[in-house]
Amino acid sequence: MDKAKKIILTGDRPTGPLHLGHFVGSLQNRVKLQDEYQQFIIIADVQALTDNYDNPQKVHDNILQVTLDYLAVGIDPKKTAIFIQSMIPEIAELTIFYLNLVTVERLKRNPTVKEEIKNKNLSENLTAGFLMYPISQAADITAFKADLVPVGEDQLPMIEQTAEIVRKFNRIYAPVLVEPQALVSTVARLSGIDGKAKMSKSLGNAIYLGDSLEAISEKVMQMYTDPNHLKVSDPGKVEGNIVFEYLDAFDPDKNAVQKMKDDYQKGGLGDVVIKKHLIEVLENIIKPIREKREELSKDPEKVMKILQEGTAKAREFAGQTMKEVREAMKIKYF
Ligand code: TRP
């Protein structure tokens, strides 16, 4: 480990393969950051189980899928330690001790948790495990003394809660933990193909990094455009038109996109033409990822070996933190 480098920790819940929203929102950034920082990527299976405890097979299977996505986009296991959360018992240990530092009322006020309880209809059966997952996430971050946590806006309350735990721990016991900073993605969130504000597996509106050309074509052809643009000769709207949102995000030729927007707004440019163009643009991006993913998936044992090595590296680091924590908390007996 390079001690001079600052530490980054970030990760995902393994609940499905990753999609273009992840690609623009976080994956591209991680590929860049791994050169400059010591990067850890956590595959948060313990967190995924908080609302999928009755579907362990799904969480299990998606560990491999998510890892394939990471490797296919260019996350390099020589630079980044990719590891599995449940294989780091220190994270569970830290979670237990941090539980004392957070009130139940504070957990209930966490905006991200509140939103999820509402969206996932959990209020009737809210488990202790789900309510306290931000504490477990604080353990993920602090076990690695992360300086920076690259996240989307929705994760800011988690970093805030982590910082509170760190300050309280360091004040009561000893200054062992590092207060993390959020590194908020500046890229606008990618809409789903249906025009909903967020691309997500659960909404069924995602284009995956492993999608075939046929799948991409089918999804783009269904894409939400301008519902009032009925005839090709009609003027069309660009705002809220998902095809143009994606061209802005993915077409490297900005001038060509501007010209298409102008023509579309004037009238005379049909949806099929812009969609065919978008299919080409997306295929150019996804094809090399899909091919790398297919190649890697032929040897799942090799991929699991990468995870095993990343997990061993992560465990070594977390073990050191745990030692310091035990000492600070006076729970080191022999
Ligand atoms: N909560 C994050 C998500 O839903 C996943 C995650 C778990 C995470 N532990 C983390 C993100 C630690 C950053 C740091 O996407």
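Heavy-atom basis, side chains included; hydrogens, waters and symmetry copies ignored. Remember, it's 1-based here, ligands and their atoms both numbered in the order they're listed.
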At a 4.0 Å threshold, what atoms of ligand 1 neighbour a non-hydrogen atom of [X]?
X: Val149; value: 13 (C), 14 (C)
X: Ala44; value: 7 (C)
X: Gln47; value: 1 (N), 2 (C), 4 (O), 5 (C), 7 (C), 9 (N)
X: Arg13; value: 4 (O)
X: Gly11; value: 5 (C), 11 (C), 13 (C)
X: Leu9; value: 12 (C), 14 (C)

Please work out whether the ring planes of Phe144 and Phe40 are parallel, tilted or perpendicular, with thresholds of 30° and 60°.
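Ring orientation, 0 to 90° scale: tilted.
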Residue, atom name and distance, where the atom is the protein heavy atom closest to atom 3 (C) of ligand 1:
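The answer is Gln155 NE2, 3.8 Å.
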Distance from atom 8 (C) of ligand 1 to nearest protein heavy atom, with residue and atom:
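Heavy-atom neighbour on the protein nearest atom 8 (C) of ligand 1: Gln137 NE2, 3.5 Å.
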Verify whether one side chain among Gln181 and Asp147 offers a donor that lies under 3.5 Å from an acceptor in the other.
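Their side chains do not contain a donor-acceptor pair, so the 3.5 Å distance test is not met.
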Between the side chains of Asp61 and Gln57, does any donor sit under 3.5 Å from an acceptor?
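A donor-acceptor contact under 3.5 Å links the two side chains.
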Would the distance check show the side chain of [X] and the main-chain N or O of [Y] forming a donor-acceptor pair, the cut-off being under 3.5 Å?
X: Asp45; Y: Ser86; result: yes
X: Lys332; Y: Val325; result: no
X: Asp226; Y: Asn241; result: no

Is the charged tip of Arg13 near the ring of Tyr133: under 6.0 Å from the six-membered ring centre and within 45° of its axis?
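Cation-pi check for Arg13 and Tyr133: passes.
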Test your reading of the structure: does Thr10 have an N or O sitting under 3.5 Å from an N or O of ligand 1?
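No; the residue has no nitrogen or oxygen that sits under 3.5 Å from a nitrogen or oxygen of the ligand.
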Can you list the residues that meet the salt bridge (charged side-chain N to carboxylate O under 4.0 Å, His left out) rule with Lys120, with sequence neighbours excluded?
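Listed in chain order: Asp51, Glu116.
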Ligand 1 versus Met158, non-hydrogen atoms closer than 4.0 Å: side chain, backbone, both, neither?
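Looking at Met158 and ligand 1, no heavy atom falls under 4.0 Å.
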From the options Ile91, Asp45, Asp140, select the one whose nearest heavy atom is closest to atom 9 (N) of ligand 1.
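Minimum heavy-atom distance to atom 9 (N) of ligand 1 goes to Asp140.
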